[in-house]
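Because only heavy atoms are used, hydrogens play no part in the values below, and waters and symmetry mates are left out as well, while side chains stay in. Here is how names work: the chains are called A, B, and so on, in the same order as the sequence lines, proteins then strands, and each is numbered from 1. Here the structure is a predicted model, which means the values were calculated and not measured.
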Number of protein chains: 2
Amino acid sequence: MNAKFSSSKENYLKAIFHLQKSDGVVTTNDVANELQTRPASVTDMLKKLKAQKLLLYEKYKGFRLSNEGRKVALQIIRKHRLWEYFLVEKLNFGWDEVHEIAEELEHISSKKLIDRLDEFLGFPKSDPHGDPIPDSQGRFTPAKQVDLLNLPLNKIGEVSGIGDQSPEMLELLSHKNIALGTRLEVKKKFAFDNSLELKIRNQPSVTISEHVAKNVFVKYDE
Amino acid sequence: MNAKFSSSKENYLKAIFHLQKSDGVVTTNDVANELQTRPASVTDMLKKLKAQKLLLYEKYKGFRLSNEGRKVALQIIRKHRLWEYFLVEKLNFGWDEVHEIAEELEHISSKKLIDRLDEFLGFPKSDPHGDPIPDSQGRFTPAKQVDLLNLPLNKIGEVSGIGDQSPEMLELLSHKNIALGTRLEVKKKFAFDNSLELKIRNQPSVTISEHVAKNVFVKYDE
DNA sequence: ATAAAAATTTAGACAAATCTAAAAAATTAT
DNA sequence: ATAATTTTTTAGATTTGTCTAAATTTTTAT
C-alpha cells in the first residue's frame, strides 16, 4: 500500500503536475528547466514513466499525467504541504525556510505516517504558503470564492476575478500590482470607510477602497 | 553543515557502529548479514568508506569506524531515536511499529530540523525502546545505575549487575528470565512488603521480593 | 515552401550500489 | 604442518539516473 516509486520519479511526477496546472501543455524543456536537469534525461524518464502507465506520452508529441500518475503526484504534494505545515506550526520554522526540508520529507513512504501527521495537525486545509492540502483521497476542499471585503483577515487569497473591468479599474490594479493569480492577505479593515490594507508577499502594504474591494474576487481555503 | 552521505553509506556506518558495540570486532560477513546484502557488496562499500576516511580498514584484516565515522553514525542514531520518540509520543504509534518508518526518516539531512525536533519533544534522553538518544554533539547522558527498588516506575532499565551471586539467587533469576543485559520495567511496587511486579518485553509479568530487588542493579536513562 | 532555428530524441558513457562466480587469503581441524 | 573449510576479495555484469554529443523531428521565419 506504500513505498512505490523512486524519489526521482516522484519529483518528475510532481513537476509535471505543477506544469500542467499553469500551462495545460507540458514540454520536455519545461520539465528539464523545472528540475534543473537536461532534456535528454527528461526523455529517458518519460519513457520509464510511460512504461509504468503513469504518463500518456508519444514521442515528439508532448505528454500529460495519466489518472494514476496524477494520483501519485497528489499524494506527494499532500506530504510536502503537511510537512511544511508541521515545520512552521510545530517546529517554529519560518515559511521561507521549509521548502527544501519538505522536498526531502515528501519522499518518506509510509501512508499511515502521513495520515497520523494530518490528524496530529488537525487536518489543516492549506499550507503556510496558502496552497491547499489534498486529503488522504487526493481531493482538495474546493476553494471558496468571495470579494475582498469578505476575505477573512490574514487568510491568503488568490485573485480569481475582477468585477468592474473598466480601464480605470485595471490601471489602478496594475499600479498596485494586483492581477489574476496574485496572492494577497487582508491585514487590516478600517470600519470608518471599509477601506482595506493588503499585503502581497515581498511588497510593501497597499490600501484600497471599499469600492475597489467589492470588485476583486479571490479564492481561499477555509 | 548538512547532507553528506548517501543513505546506503549511512546504513553501513550505523550497522558497523552497532556491531562494534556488541562484538568489539566486526567482520564482512557480520555486516552482510546485518544489512541483508552480499559480502562482496560489503567489501565494495568498505573501500569507499575508507577512501572517505570514515573507516579504518586493511583488506583481510578487519575494520572499525574512524572517529569521523563514529560521529556520523551517532548522528544517524540520534535522528532515528528522536523520530521514534516523535512517532510514539506525538503520533500515537505503538513502539513496535516505528522502527521501519524511522529507518527512512533518519536519512533526512537537515541538522536544524533534528535540533528543532529535539527541542519540540523536550530533549528526551531515551527512545521508546529505552535506548539512549545522543545529544546534538553525539554525547549520551551517562546512564544511572541503581538497584531495582530505586528504578522509577515504567522506566526501562537494563540489568547491569547482580549483588548476591549465590547459586540460589542465580537459579531464581534464570527461572524468571532475568540476566545481564535484560531490559525490564517496574510496573508496580507493593508498599506492604516492597515486592515488585516486573515486565520484560514479550513475557508475562513476574513478581520479585524486596530481597531480590536489592540485589539486581540496572542502568537507565533519566 | 523551404531554410534556419529550436526542441526532442537517440546513442553511447559514467557513477553508485548492487549482484554472481571465481580467486585469494585466513582459519580450522586433523 | 598441511589439507579442508570458511571468509574475504576481485572481476565483470546489471540497474537507475544522469550526462554529452550527435541525429531527428517540429516549429518558425522569410
Side-chain angles (χ1 to χ4, degrees), chain A residues 3-16 19-20 22-65 69 72-73 76 103-104 106-109, chain B residues 3-16 19-20 22-65 69 72-73 76 103-104 106-109:
Chain A
K4 285 188 194 155
F5 306 104
S6 68
S7 290
S8 188
K9 274 184 188 149
E10 292 188 347
N11 285 336
Y12 274 91
L13 293 173
K14 192 171 52 125
I16 296 168
L19 292 168
Q20 255 176 213
S22 42
D23 282 27
V25 187
V26 191
T27 71
T28 302
N29 271 349
D30 284 346
V31 176
N33 191 58
E34 178 86 1
L35 295 178
Q36 298 292 352
T37 183
R38 298 307 187 141
S41 311
V42 175
T43 302
D44 289 343
M45 186 58 90
L46 295 179
K47 288 190 214 159
K48 294 177 196 163
L49 292 175
K50 183 189 180 183
Q52 278 176 96
K53 299 191 191 298
L54 297 167
L55 195 69
L56 305 170
Y57 165 61
E58 295 301 327
K59 63 178 174 169
Y60 292 109
K61 295 283 181 57
F63 47 88
R64 63 181 208 279
L65 295 179
V72 176
I76 316 294
E103 287 288 300
E104 280 187 71
E106 72 189 2
H107 301 295
I108 302 293
S109 59
Chain B
K4 284 184 193 159
F5 306 103
S6 68
S7 292
S8 189
K9 275 185 187 146
E10 293 188 345
N11 285 336
Y12 275 91
L13 293 172
K14 191 171 53 125
I16 295 168
L19 292 168
Q20 254 177 214
S22 43
D23 282 26
V25 188
V26 192
T27 71
T28 303
N29 271 348
D30 285 346
V31 176
N33 191 58
E34 178 88 0
L35 294 178
Q36 298 292 354
T37 183
R38 297 309 186 140
S41 311
V42 175
T43 302
D44 289 344
M45 186 58 91
L46 295 179
K47 288 190 215 160
K48 293 178 199 164
L49 293 174
K50 183 189 179 182
Q52 278 175 97
K53 298 190 193 298
L54 298 167
L55 194 69
L56 305 170
Y57 165 62
E58 294 301 328
K59 65 177 172 171
Y60 293 109
K61 297 282 182 61
F63 47 90
R64 63 180 207 280
L65 295 179
V72 175
I76 316 295
E103 287 289 300
E104 280 187 72
E106 72 189 4
H107 301 295
I108 302 293
S109 60

J.: What is the separation between atom NZ on K9(A) and atom P on dT16(D), rounded to the nearest whole Å?
T.: 7 Å

J.: So S8(B), base contact, sugar-phosphate only, or nothing? Heavy-atom distance under 4.0 Å.
T.: sugar-phosphate

J.: Which value, rounded to the nearest 0.5 Å, describes the distance between Q20(B) atom CD and D30(B) atom CG?
T.: 11.5 Å

J.: When the distance from CE of M45(A) to P of dT8(C) is rounded to whole Å, what number comes out?
T.: 17 Å

J.: Is there a side-chain polar atom (N or O) of R38(B) under 4.0 Å from OP1 or OP2 of dT18(C)?
T.: no

J.: Measure from CG on L35(A) to P on dC19(D) and round the result to the nearest Å.
T.: 10 Å

J.: Has Y60(A) got a side-chain N or O lying under 4.0 Å from the OP1 or OP2 atom of dA6(C)?
T.: no

J.: Which part of the nucleic acid, if any, lies within reach of T28(B) when heavy atoms closer than 4.0 Å are counted: base, sugar-phosphate only, or nothing?
T.: sugar-phosphate

J.: Would you say a side-chain N or O of T27(B) is under 4.0 Å from OP1 or OP2 of dT7(D)?
T.: no

J.: Let me know the distance between CG of L46(A) and C1' of dT25(D), rounded to the nearest Å.
T.: 16 Å

J.: Whole angstrom is fine here: how far is it from OH in Y57(A) over to P in dT25(D)?
T.: 13 Å

J.: Heavy atoms under 4.0 Å, any strand shown: does F63(B) hit a base, just sugar-phosphate, or nothing?
T.: nothing

J.: Think S41(A) has a side-chain N or O under 4.0 angstrom from the OP1 or OP2 of dG17(D)?
T.: no

J.: Do the side-chain N or O atoms of K47(A) get closer than 4.0 angstrom to the phosphate oxygens (OP1, OP2) of dT10(C)?
T.: yes

J.: How many angstroms lie between atom CD1 of I16(A) and atom CZ of F63(A), to the nearest 0.5 angstrom?
T.: 5.0 Å

J.: Quick one: pull up CD in E34(B) and CG in N29(B) and give me the separation to the nearest 0.5 Å.
T.: 13.0 Å

J.: Please report, rounded to the nearest Å, how far the P atom of dA6(C) is from the CG atom of D30(A).
T.: 16 Å

J.: Measure across T37(B) and Y12(B) and return the closest heavy-atom pair with its distance rounded to 0.1 Å.
T.: CG2-OH, 3.9 Å

J.: Quick check for you: to the nearest 0.5 Å, what is the distance between H107(B) atom NE2 and N11(B) atom CG?
T.: 3.5 Å

J.: Tell me: CG of D44(A) to P of dA11(C), nearest whole Å?
T.: 11 Å

J.: Measure from CG on L49(B) to P on dT9(D) and round the result to the nearest Å.
T.: 13 Å

J.: Closer to the 5' end of DNA chain D via nearest nucleotide, is it E58(B) or S6(A)?
T.: E58(B)

J.: Could you pick out which residue, K48(A) or K59(A), lies toward the 5' side of DNA chain D when each is mapped onto its nearest nucleotide?
T.: K48(A)

J.: So does N29(A) get a side-chain nitrogen or oxygen closer than 4.0 Å to the phosphate oxygens (OP1/OP2) of dT8(C)?
T.: yes

J.: Indicate whether OP1 or OP2 belonging to dT9(C) is found under 4.0 Å from a side-chain N or O atom of T43(A).
T.: yes

